[in-house]
Number of protein chains: 2
Amino acid sequence: MEIDATSQATIRALGALAQEHRLAVFRLLVQAGPDGMAAGVLADRLGVPASSLSFHLAQLSNAGLVGQRRESRSIIYTADYAAMNGLISFLTENCCAGSSCAAISERDCA
Amino acid sequence: MEIDATSQATIRALGALAQEHRLAVFRLLVQAGPDGMAAGVLADRLGVPASSLSFHLAQLSNAGLVGQRRESRSIIYTADYAAMNGLISFLTENCCAGSSCAAISERDCA
DNA sequence: TCCATGATTCGATAAATATGGAAATATCGA
DNA sequence: TCGATATTTCCATATTTATCGAATCATGGA
């Protein structure tokens, strides 16, 4: 049962988002936009200890869902929209051949 | 940090798909369509012991991603398209405010 | 250089998840 | 009823994931 690279990446991304704190982090980063948010601010907002949050940020980073840059003493995290786009595309194309799922492609259109 | 029911359900669905065998099962069920596939056939196809596969099917079922019906001695599993639809909608609406993600709504349209 | 700040790494521990054989359950045909 | 088949549940075990304080690393200001 060899597993292809795309599935591998998809599983990492799904796993990264399948956790309360990490899903919350990602949603905050999406709201924050390209400016992103510092690790400390995220920890504050979520009420999670810095070391715990660092662990979760590493998971998101490993999954390619977030980017990071240093800005003075802070490390700013940003949502990677392309990665999320890729994940949604994968789910739509590989896991969504049914009629109700076909409808989603046409939603918000016209 | 109270967590709302929708996020809770999303996390369960993401977690259910974030596993090699379960993602493979779900893809096979999507391909199979409404007829679905028997547990044993799935186990055969994936080369996973029956008891292990049963554990994974229970996870998918618990997450609401699959339905099941008994047909004689077999238990037939089917993909729940509405659930996948809901998951994709959640990701699109809550985790995808960026420009590249906005594009996906318009893909396949026109 | 020294200190404060922001963040990660380390380490120990707890909890959840995955695996698969053996036993139990359900259905059907003879 | 008996046996074969399909599947799940039980159990023990192995692995992975989550938590968080303490120690460490990096940066910038006095």
Query - Which residues share a side-chain hydrogen bond (donor to acceptor under 3.5 Å, both in side chains) with B:D4, sequence neighbours left out - result: B:S7
Requested in this report: Compare side-chain N and O positions of B:S74 against OP1 and OP2 of C:dT27 and report whether any pair is under 4.0 Å apart.
Outcome: no
Query raised in the report: Below 4.0 angstrom from OP1 or OP2 of C:dG29, is there any side-chain N or O of B:R73?
Result: no
Report summary line: With sequence neighbours left out, the residues meeting side chain to side chain contact (heavy atoms under 4.5 Å, CB included) with A:N62 are A:R12
Report task. Return the value, rounded to whole Å, for the distance between atom NE2 of B:H21 and atom P of C:dT17. Result -> 16 Å
Report task. Return the residues of residues 35-42 of chain A meeting this criterion: a heavy atom under 4.0 Å from some atom of DNA chain C. Order them by number, or give none. Result -> A:A38, A:A39, A:G40
Query raised in the report: After noting the C-alpha distance and the side-chain angles of A:N94 and A:T6, does the key distance pass the side-chain contact (heavy atoms from CB on, under 4.5 Å) rule?
Result: CA-CA 11 Å; A:N94 293 277; A:T6 308; over 6 Å; no
Query raised in the report: Tell me, which pairs form a ring-ring contact (aromatic ring centres under 6.0 Å, His included) where one or both residues lie in residues 28-52 of chain B, sequence neighbours left out?
Result: none
**Report entry** Residue-phosphate contact under 4.0 Å: A:Y77 side-chain N/O, C:dT8 OP1/OP2
**Finding:** yes
Identify all side-chain donor-acceptor contacts of residues 48-57 of chain B below 3.5 Å with residues at least two apart in sequence or on another chain.
{"from": "B:H56", "atom 1": "ND1", "to": "B:R22", "atom 2": "NH1", "distance (Å)": "3.0"}

Query - Distance in angstrom units between A:I11 CD1 and C:dA18 C1', rounded - result: 14 Å
**Report entry** Whole-Å gap separating C1' (C:dA16) and CZ (A:R22)
**Finding:** 13 Å
Query raised in the report: Residues two or more places apart in sequence or in another chain: which of them pass side chain to side chain contact (heavy atoms under 4.5 Å, CB included) with B:A83?
Result: B:L65, B:D80
Query raised in the report: Near DNA chain D, which residues from residues 51-70 of chain B have a heavy atom under 4.0 Å away?
Result: B:S51, B:S54
Requested in this report: Only pairs at least two apart or in different chains count here, so list each ring-ring contact (aromatic ring centres under 6.0 Å, His included) that has a residue in residues 25-50 of chain A.
Outcome: none
Query raised in the report: Got a sec, which residues hit side chain to side chain contact (heavy atoms under 4.5 Å, CB included) with A:T78, two or more places apart in sequence or on another chain?
Result: A:R69
Report summary line: Across all chains, not counting sequence neighbours, the side chain to side chain contact (heavy atoms under 4.5 Å, CB included) partners of A:A32 are A:M37
**Report entry** Reported SG-to-CG distance for the pair B:C95 and A:L28, which is rounded to 0.5 angstrom
**Finding:** 10.5 Å
Query raised in the report: Is the shortest heavy-atom distance from the side chain of A:T10 to the side chain of B:L17 under 4.5 Å?
Result: no
Query raised in the report: Where does the chain A footprint on DNA chain D start and end, counting 5' to 3' with a 4.0 Å heavy-atom cut-off?
Result: D:dA18 to D:dG28
Report task. Using atom CD1 of B:I76 as one end and atom C1' of C:dT27 as the other, report the distance to the nearest whole Å. Result -> 13 Å
Query raised in the report: What is the distance from CD of B:Q19 to P of C:dA16, rounded to the nearest Å?
Result: 18 Å
